[in-house]
Amino acid sequence: MNTTTARREATKDLKARKAPRGVYALRCMATRQVWVDASANLTAARNGLWFFLQNGLHRDAVLQGAWRAHGEQAFRYEVLETLEDTVSDLAAADLLQGKKNEWAAKVKALPIGV
């Protein structure tokens, strides 16, 4: 197989793969604060979260303040729960919102962005 064909196959496989959907927590180890959110793409959520926090652009003033005060090393990103691939995209939005609320209550967390 030549490199062009291999590249096309790899691209096709990547596009066919579903992004992991679920609920995640961001924990500040210094203050013990926990923030919870849900996303249809957990990988993109983590990357976006880190980008905004590192650049001082996050909309959550309390979270951004904790990041500024304690630095990136004090924070842990943790996936709390993922949805099965069999859950339809339409059902996933409502399910994620419910699971986000459940986890926020369970770990006594703040929602991200409020």
Side-chain angles (χ1 to χ4, degrees):
M1 189 182 305
N2 66 34
T3 56
T4 304
T5 305
R7 193 174 311 144
R8 283 186 188 140
E9 286 298 317
T11 301
K12 183 180 171 185
D13 291 345
L14 186 62
K15 287 180 179 180
R17 211 178 307 159
K18 279 197 159 211
R21 304 173 290 178
V23 180
Y24 65 91
L26 185 63
R27 298 177 187 273
C28 178
M29 307 314 279
T31 64
R32 298 265 194 237
Q33 289 174 297
V34 181
W35 291 266
V36 169
D37 205 355
S39 177
N41 185 332
L42 290 170
T43 305
R46 188 215 180 273
N47 292 341
L49 190 59
W50 251 237
F51 173 82
F52 283 106
L53 289 168
Q54 288 171 339
N55 291 291
L57 302 170
H58 202 280
R59 68 185 184 274
D60 187 319
V62 175
L63 174 55
Q64 187 67 63
W67 181 278
R68 208 172 289 119
H70 304 290
E72 182 175 344
Q73 69 280 358
F75 285 83
R76 301 291 177 267
Y77 177 88
E78 174 186 347
V79 175
L80 300 173
E81 185 173 355
T82 56
L83 296 184
E84 296 291 328
D85 287 339
T86 56
V87 176
S88 74
D89 291 339
L90 189 57
D94 290 336
L95 189 56
L96 285 172
Q97 184 61 45
K99 293 200 175 283
K100 172 185 168 180
N101 294 337
E102 288 174 24
W103 276 103
K106 190 179 206 177
V107 298
K108 297 177 178 60
L110 302 167
I112 293 179
V114 173

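Position 1 is the first residue of the sequence, and the numbers go up from there.
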For this session: Answer yes or no: are there more than 12 heavy-atom neighbours, outside Leu90 itself, under 6.0 Å from its atom CG?
Result: no

Exercise. Taking C-beta and beyond as the side chain, do Leu80 and Lys106 meet within less than 4.5 Å on heavy atoms?
Worked result: no

Problem set entry | Leu26 reachable from Val107 in the ILVMFWY side-chain graph, under 4.5 Å edges | no

For this session: Flag the pair Arg8 / Thr4 as yes when at least one side-chain heavy-atom distance between them is below 4.5 Å, and no otherwise.
Result: yes

Exercise. Which heavy atom in Val36 sits nearest to a heavy atom in Ala109, and how many Å separate them?
Worked result: CG2-CB, 3.3 Å

Problem set entry | Flag side-chain contact, heavy atom, 4.5 Å: Ile112 against Tyr24 | yes

Exercise. Does the pair Lys108 and Val34 meet the rule for a side chain to side chain contact (heavy atoms under 4.5 Å, CB included), with working shown?
Worked result: CA-CA 7 Å; Lys108 297 177 178 60; Val34 181; over 6 Å; no

Problem set entry | CH2-NE2 distance between Trp67 and His58, expressed to the nearest 0.5 angstrom | 10.0 Å

Exercise. Rounded to the nearest 0.5 Å, how far does CG of Leu95 lie from CD of Glu81?
Worked result: 7.5 Å

Problem set entry | Nearest-0.5 Å distance that lies between atom CG in Leu96 and atom CG in Asn101 | 11.0 Å

For this session: May I ask you to decide if His70's main-chain N or O and Gln73's side chain share a donor-acceptor pair within less than 3.5 Å?
Result: yes

Show every donor-acceptor pair shorter than 3.5 Å between a side-chain atom in residues 40-53 and any protein atom, with sequence neighbours excluded, or say none if there are none.
unit_1 : atom_1 : unit_2 : atom_2 : d
Asn41  : OD1    : Thr43  : N      : 3.2
Asn41  : OD1    : Ala44  : N      : 3.0
Asn47  : ND2    : Thr43  : O      : 3.4
Trp50  : NE1    : Glu72  : OE2    : 2.9

Problem set entry | ILVMFWY cluster, Tyr77 and Trp35 together (side-chain gap under 4.5 Å) | yes

Problem set entry | Distance (rounded to the nearest 0.5 Å) between Lys99 NZ and Thr82 OG1 | 9.5 Å

Exercise. Going by heavy atoms in the side chains, are Phe75 and Leu63 under 4.5 Å from each other?
Worked result: yes

Problem set entry | Closest non-hydrogen atom pair, Gln64 against Leu57 | OE1-N, 3.5 Å

For this session: Would you name the heavy atoms of Arg21 and Val87 that are closest together and state the gap between them?
Result: NH2-O, 2.8 Å

